[in-house]
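What you see is a predicted model; the values in this text were computed from it and never measured.
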Amino acid sequence: MSDPRSRFPGGPPLRERLLAARGVLVAAGLLLLGFAAFNLLSVFYALLGLAVIAAAAVVGPGASVPPRTGRAPENPGPGIGSPWIETLIGKLPDPVIVLDRDGRVVAFNAQASAMAPALGRGEAVSLALRVPEVVDAIRQAGAGAGAQRVEFSERVPVDRWLAAHVAPLELADASGVIRRLLLMTFHDLTPLRRVEEMRADFVANASHELRTPLASLSGFIDTLQGPARDDPQARERFLVIMKAQAHRMARLIDDLLSLSRVELNAHVRPETPVELAAIVRQVADALQMLARERGVTIALAVCAEPLLVLADRDELTRVFENLVENALKYGASGKRVDVSVERAQAADGAGEAIVRVRDYGPGIAAEHLPRLTERFYRIDVGQSRAEGGTGLGLSLVKHVLNRHRGRLGIESRLGEGATFTVRLPLAPHRG
Ligand code: ADP
């Protein structure tokens, strides 16, 4: 059943119902004839039986179906009885409807029927497509205004955007008579629109993130040129803040560039064998200073055997830097961060490396977990900014891991810290 609010209403499938009844009609006809043969019925009823058989035959698979209005179309066009049109449009992936110049349906494919279930051959297309923009385009194309293109949106049953294209067409029918038709095609613009929306959101977010430190910088420049011109103490204080803001802008630009580089290479799988434990050890060492500043101890547990993965060393370094740095920044109150590297077996039996970064900080509420890897998603924007965060770290982690055929798992409960788990397939043995 189609939704009555839809602009593509459904209708009773006349042809299907008649086809379904065909068997019953034939059986009834034969039964009546049988009665007549045994003199159980008059000749009148026998003729009635024959009429019923004839009616059933008319509804047979090869026969044309009369229009639902009961009025035969004056100019049925080449679609009816011209199976090649049906075959041709049946092969096309988008909905296609062939109309005569008065807007009556000549032929349509299965995709068109799925989109507008009430379509019926010989009937006005406006009965099945209640979209004023489209009806208007058909009228104009039919009146000789040339090809028309309109975009429209549907709210029911789901939000979607479509483009309809109506082009005049002249075709010779079976008897060589030229028929003037309209070829109407539809194209689903929904995926394109969604990508456009995402890109617009991304640009808006990135601009907003850059504008804040930029506004602060120009504010301080004004102050230094004006009221604080002769105040060396204020100048020193302001320069420290300005340096931090410039650093924040540089970090954001770095993250944006890294993200776009990883996305650009998303389908190129890294092929260099890299020893994973060495990278994790290096990252932990490099972050010792930050750990000391925060009063946090990093406890490192690395398995003894070398774990080779096919990877881009710099990208994996960024992954573990982001995870350990987050644990030190957001989980500092727990005073301890555990980092472990171990070998395991994936569900399919292949070897995999598992790196876990666990902190004992405030933890993360369940509702945030699925959204943490979205770009610019932060639980507490103020805290993230104060920590020099950009909101892009975990998004970058996810993209890098996708490229390496790896996975990121996040487990946490409020008050119980958080565990970030990275799984990467081990490089196949060579030789
Ligand atoms: P940011 O640059 O803000 O750190 P991320 O993408 O790395 O961006 O992290 C997104 C958000 O996830 C952070 O702002 C923080 O709110 C939350 N988060 C990340 N790691 C942790 C953690 N270990 N404990 C608690 N919250 C975390």
Search all heavy atoms of [X] against all heavy atoms of [Y] and return the closest pair with its distance.
{"X": "A163", "Y": "R149", "value": "CB-NH2, 3.5 Å"}
{"X": "F202", "Y": "L256", "value": "CZ-CD2, 3.3 Å"}
{"X": "G120", "Y": "V105", "value": "O-CB, 3.4 Å"}
{"X": "G363", "Y": "L414", "value": "O-CD2, 4.0 Å"}
{"X": "E271", "Y": "L310", "value": "O-CD2, 3.6 Å"}
{"X": "P270", "Y": "D312", "value": "CB-N, 3.7 Å"}

Evaluate the side-chain contact (heavy atoms from CB on, under 4.5 Å) criterion for residues I379 and L372: first the C-alpha distance (whole Å), next the side-chain angles of each, then the deciding distance (0.1 Å), finally the verdict.
CA-CA 8 Å; I379 298 169; L372 285 184; 4.0 Å; yes
Hey, are the side chains of [X] and [Y] touching, using non-hydrogen atoms and a 4.5 Å cut-off?
{"X": "L316", "Y": "L424", "value": "yes"}
{"X": "R248", "Y": "L252", "value": "no"}
{"X": "V319", "Y": "F420", "value": "no"}
{"X": "N326", "Y": "L394", "value": "yes"}
{"X": "M184", "Y": "V125", "value": "yes"}
{"X": "R313", "Y": "I279", "value": "yes"}
{"X": "R318", "Y": "L396", "value": "yes"}
{"X": "M249", "Y": "L210", "value": "yes"}

Could you tell me whether a side-chain N or O of [X] sits under 3.5 Å from a main-chain N or O of [Y], the two making a donor and an acceptor?
{"X": "T190", "Y": "W161", "value": "yes"}
{"X": "R403", "Y": "N265", "value": "yes"}
{"X": "S218", "Y": "L214", "value": "yes"}
{"X": "S412", "Y": "G417", "value": "yes"}
{"X": "D338", "Y": "R358", "value": "no"}
{"X": "R423", "Y": "G406", "value": "no"}
{"X": "E275", "Y": "A278", "value": "yes"}
{"X": "D102", "Y": "R104", "value": "no"}
{"X": "N109", "Y": "D94", "value": "yes"}

To the closest 0.5 Å, what do you measure between [atom1] ([X]) and [atom2] ([Y])?
{"X": "I221", "Y": "M242", "atom1": "CD1", "atom2": "CE", "answer": "4.5 Å"}
{"X": "L181", "Y": "L99", "atom1": "CG", "atom2": "CG", "answer": "8.5 Å"}
{"X": "T390", "Y": "R385", "atom1": "OG1", "atom2": "CZ", "answer": "10.5 Å"}
{"X": "D159", "Y": "R193", "atom1": "CG", "atom2": "CZ", "answer": "11.5 Å"}
{"X": "N322", "Y": "F320", "atom1": "CG", "atom2": "CZ", "answer": "11.0 Å"}
{"X": "R155", "Y": "R160", "atom1": "CZ", "atom2": "CZ", "answer": "12.0 Å"}

Using 30° and 60° as the class boundaries, would you call the ring planes of F152 and F186 parallel, tilted or perpendicular?
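Perpendicular.
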Electrostatic pair [X]-[Y], nearest N-O below 4.0 angstrom:
{"X": "R378", "Y": "E387", "value": "no"}
{"X": "E263", "Y": "R199", "value": "no"}
{"X": "R375", "Y": "E209", "value": "no"}
{"X": "R261", "Y": "E315", "value": "no"}
{"X": "K329", "Y": "D359", "value": "no"}

Check against side-chain contact (heavy atoms from CB on, under 4.5 Å), L392 and F376:
CA-CA 5 Å; L392 293 173; F376 298 111; 3.9 Å; yes
T421 and V355: CA distance, side-chain angles, deciding distance, side-chain contact (heavy atoms from CB on, under 4.5 Å) verdict:
CA-CA 6 Å; T421 307; V355 181; over 6 Å; no
Partner of V262 under side-chain contact (heavy atoms from CB on, under 4.5 Å), chosen from L257, V400, V397
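That would be V400.
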Would you say [atom1] of [X] has more than 12 non-hydrogen atoms from neighbouring residues, nucleotides or ligands within 6.0 angstrom?
{"X": "Q282", "atom1": "CD", "answer": "no"}
{"X": "H368", "atom1": "NE2", "answer": "yes"}
{"X": "R413", "atom1": "CZ", "answer": "no"}

Where do L307 and V302 land on the side-chain contact (heavy atoms from CB on, under 4.5 Å) test, with the steps shown first?
CA-CA 10 Å; L307 296 177; V302 177; over 6 Å; no
